[in-house]
Every structure is written in C-alpha cells, then in structure tokens.
Q: 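For reference, the structure I am asking about is given below.
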Protein chains: 2
Amino acid sequence: MPAQRFADRIAELGLSPPQTGLLRVVAMRPGQSQQAIANQLGTPPSRLVALVDGLEQRDLIERRRNPDDRRHHALYLTEAGVRFMAQLAVIGKEHEDAMCAGLDPAERGQLLGLLSRIAVEQGLTPMVHPGYRAMAEQPD
Amino acid sequence: MPAQRFADRIAELGLSPPQTGLLRVVAMRPGQSQQAIANQLGTPPSRLVALVDGLEQRDLIERRRNPDDRRHHALYLTEAGVRFMAQLAVIGKEHEDAMCAGLDPAERGQLLGLLSRIAVEQGLTPMVHPGYRAMAEQPD
DNA sequence: TATTGTTATACTCTATAACTATA
DNA sequence: TATAGTTATAGAGTATAACAATA
C-alpha cells in the first residue's frame with residue numbers, strides 16, 4: 001500500500017506518480033530534451049508526450065525550442081514548478097515518516113541502509129522509479 | 001524492479017502476478033467461494049472471474065458447485081496445482097535470494113524484521129498483495 | 001536520409017453496472 | 001426480493017508503429 005498512499009497524496013495536488021517522477025527529473029537537470037529524458041528513464045519517447053503535456057498545462061514545466069536545432073524541446077521548470085517541488089519534498093518527507101512510524105530513528109537508518117544497498121546491488125538507477133523501465137535499458 | 005523480475009519469472013510458467021496471488025489464497029484455504037475470496041482480497045468479484053478462468057484452464061484449480069446452494073463455486077487446488085505451489089515456493093525463494101544478494105544472513109534477518117513491522121504497523125493483510133485492494137476494505 | 005517530437009492504433013488491466021441462475 | 005457468479009461496457013495506462021517537421 002505504500003505506493004498507493006503516496007499516489008493518493010499527490011493526486012490531491014492533481015498529479016500522477018509518473019508525472020511526479022518526470023517533474024523530479026526536470027528539476028534535477030533542466031534543459032534536457034525529451035529524447036534524452038526518455039532514454040534516461042528507459043521509456044518510449046511517445047509516453048513522455050502526454051506526461052509533459054499535463055505538466056505544461058499545469059504550468060509546472062515549459063518546453064523551449066532550441067533555436068540551433070528546432071527539433072529539440074528542452075524542458076525547464078517554471079517558477080510554479082519550483083514551488084511545487086518544495087511542496088513535493090514536504091509530502092515525501094511526511095510519507096516516509098508515516099511509513100516508518102513504529103521504527104525508531106536508528107532502525108529507520110538501518111532500513112534505509114539495507115534498502116540502499118539492495119538498490120545498488122540490483123543496478124537500479126538512482127532517483128528513477130523502475131516503473132518507467134519497460135524493456136532493455138541501454139546507458140548513453 | 002523486484003516486482004517486475006518476479007513477474008518475469010512466473011511469466012515463464014504462464015501465470016500473471018494476480019493469478020499467482022489468487023492461487024496462493026486458494027492453497028492457503030481451499031473451499032472458499034469466489035465472493036469470500038473477493039472480499040478477502042478487497043477486489044470486485046467480477047475481477048476474480050477471469051483469474052479463476054485462467055487458473056482453471058491451466059488445470060491448477062477447480063470450481064466445485066456446492067450442492068446445498070448451487071450458487072456457490074468453491075475453489076480447490078488440483079493435484080497439478082499442489083505441485084505448482086511447490087515450484088512457486090522455489091521461485092519465491094530464489095527471487096528472495098537474488099534480491100538479497102549482497103546482504104549477509106544477519107542483515108537479511110534485520111531487513112525482514114523491519115519490513116514485517118512496517119507491514120503490521122500499516123495494517124496490511126498478511127499474505128495479500130496490496131495491489132488487489134482498490135478502495136475501502138471492510139473486514140468480514 | 002536521419003532524428004525529434006507527435007499522433008494513431010491496439011492491447012492489457014481493471015472497475016462498474018447489467019444480467020442469469022439460484023435461493 | 002436477495003445473493004453468487006458472470007458478462008458487457010468503459011476507462012486508464014502503456015507500447016508500437018506511422019507520421020510531420022527539421023536537420
């Protein structure tokens with residue numbers, strides 16, 4: 001249920017989990033093309049279109065055409081997007097607290113450490129939810 | 001990716017994750033009606049139909065009409081179903097080992113303990129994947 | 001001709017509601 | 001009239017392939 005509860009929380013703000021993940025990617029490294037992001041997430045570029053549309057309609061990110069190569073749409077956060085990321089950080093923190101209720105701080109640290117090691121061991125890309133990755137994932 | 005990798009493993013055997021979960025429920029307590037199971041899993045009864053159909057076609061479970069009330073279909077494992085459950089246990093074990101590679105036995109125990117406490121704390125029904133639960137869940 | 005983004009299409013999964021058969 | 005199971009229908013989410021614009 002953890003994932004569902006997080007989804008419920010961000011749904012109150014009108015965003016889906018995949019949109020939220022994309023927003024975080026744009027926040028982490030603004031200015032990337034949709035192709036670059038699709039490659040990074042391991043998802044078909046066509047899937048990004050609807051996600052980007054949604055975030056752009058909510059004025060959280062914007063597409064900027066590259067004048068040098070007008071095929072590229074570089075993605076950037078808007079000011080509202082920056083503010084939204086701050087909200088998101090709060091929600092993430094609250095969610096983590098709620099999930100770890102019943103564990104004392106030392107145990108939380110243990111859990112985080114163990115899970116992080118598993119993530120590394122399994123080759124998961126940091127900050128990228130595995131749900132984006134459909135098939136093979138070729139690094140740049 | 002853990003969930004996806006497990007899905008891939010059982011897909012080799014021709015089963016989907018929801019089917020696998022249902023099979024386990026039937027194995028745990030044979031003879032329940034589809035309504036009872038739907039209630040237990042927190043899923044609409046209509047969803048069970050296709051899952052049961054699939055398992056029945058693969059001869060892993062069987063529907064038996066209750067002569068006293070012919071509306072009920074009690075679900076039972078077939079012999080093949082029992083054998084399949086044994087295979088499933090092996091796969092589950094292998095999957096867990098693969099996921100925990102990199103952790104020594106003591107750390108695995110720690111992780112299991114911490115996660116179990118979270119599951120209890122969050123009120124998750126033991127042996128039932130949260131993915132079945134759509135909305136409210138009313139106990140019997 | 002190749003690449004970026006987009007659109008068109010199809011498929012899977014699921015929930016809701018209508019239906020049937022039994023009671 | 002009520003209940004167990006089923007079928008019909010519709011919606012969300014996603015992948016694949018075709019397409020338009022640009023290079």
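Predicted model, so just to flag it, every value in this text is computed and none were measured. First the proteins, then the strands, lettered A, B, ... as listed; each starts at 1.
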Q: If you measure from CG on Leu15(A) to CD1 on Ile10(A), what distance do you get to the nearest 0.5 Å?
A: 6.5 Å

Q: Rounded to the Å, how far apart are Tyr132(A) OH and dA15(D) P?
A: 11 Å

Q: Please work out if Ser16(A) contacts a base, only the sugar-phosphate, or nothing of the nucleic acid, heavy-atom cut-off 4.0 Å.
A: nothing

Q: Separation of His129(A) atom NE2 from dT14(D) atom P, in whole Å?
A: 11 Å

Q: Hey, is Arg58(A) close enough to Glu56(A) for a salt bridge, meaning N to O under 4.0 Å?
A: no

Q: dT14(C) P sits how many Å from Leu41(B) CG, rounded?
A: 12 Å

Q: Between the base of dT16(C) and the side chain of Ser46(B), is one N or O donor paired with an acceptor at under 3.5 angstrom?
A: yes

Q: Consider the side chain of Pro45(B), meaning its heavy atoms from C-beta on, and name the nucleotide among dT14(C), dT6(D), dG5(C) that approaches it most closely.
A: dT6(D)

Q: Take the protein atom NE2 of His73(B) and the nucleotide atom P of dA23(C), then report the distance between them rounded to whole Å.
A: 11 Å

Q: For the side chain of Val49(B), counting heavy atoms from C-beta on, which of dT6(C), dG5(C), dT6(D) is nearest?
A: dT6(D)

Q: Quick check on the hydrophobic clustering: are Leu51(A) and Met85(A) connected, directly or via other members, by side-chain heavy-atom contacts under 4.5 Å?
A: yes

Q: Let's see if you get this right: which residues in residues 52-68 of chain B place a heavy atom under 4.0 Å from DNA chain C?
A: Arg65(B), Asp68(B)

Q: I'd like to know if Asp104(B) and Arg108(B) make a salt bridge, using a cut-off of under 4.0 Å between side-chain N and carboxylate O.
A: no

Q: If we only count heavy atoms from C-beta on, is the Gln34(A) to Arg63(A) side-chain gap below 4.5 Å?
A: yes

Q: For the pair made of CD in Gln34(B) and C1' in dT7(D), what is the distance, rounded to whole Å?
A: 13 Å

Q: Can you tell which of dA23(D), dG5(C), dG5(D) lies closest to the side chain of Asp69(A)?
A: dA23(D)

Q: Using only heavy-atom distances, determine whether the side chains of Asp8(B) and Gln4(B) contain a donor-acceptor pair under 3.5 Å.
A: yes

Q: I need the CG-P distance between Leu51(B) and dT14(C), as an integer number of Å.
A: 7 Å

Q: Between Arg71(B) and dG5(D), does any side-chain N or O lie under 4.0 Å from OP1 or OP2?
A: no

Q: Taking the side chain of Gln35(B) as its heavy atoms from C-beta onward, which of dA4(D), dT14(C), dA15(D) lies nearest to it?
A: dA4(D)

Q: Please tell me whether Gln110(A) and Glu107(B) have a donor and an acceptor in their side chains that are separated by less than 3.5 angstrom.
A: no

Q: Can you check the Arg70(B) CZ to dT6(D) C1' distance for me, whole Å?
A: 16 Å

Q: Round to a whole Å and report the spacing from CG of Leu48(B) to P of dC13(C).
A: 15 Å

Q: If you only use heavy atoms from C-beta on, which nucleotide in dT6(D), dT16(C), dT6(C) is closest to the side chain of Pro44(B)?
A: dT16(C)

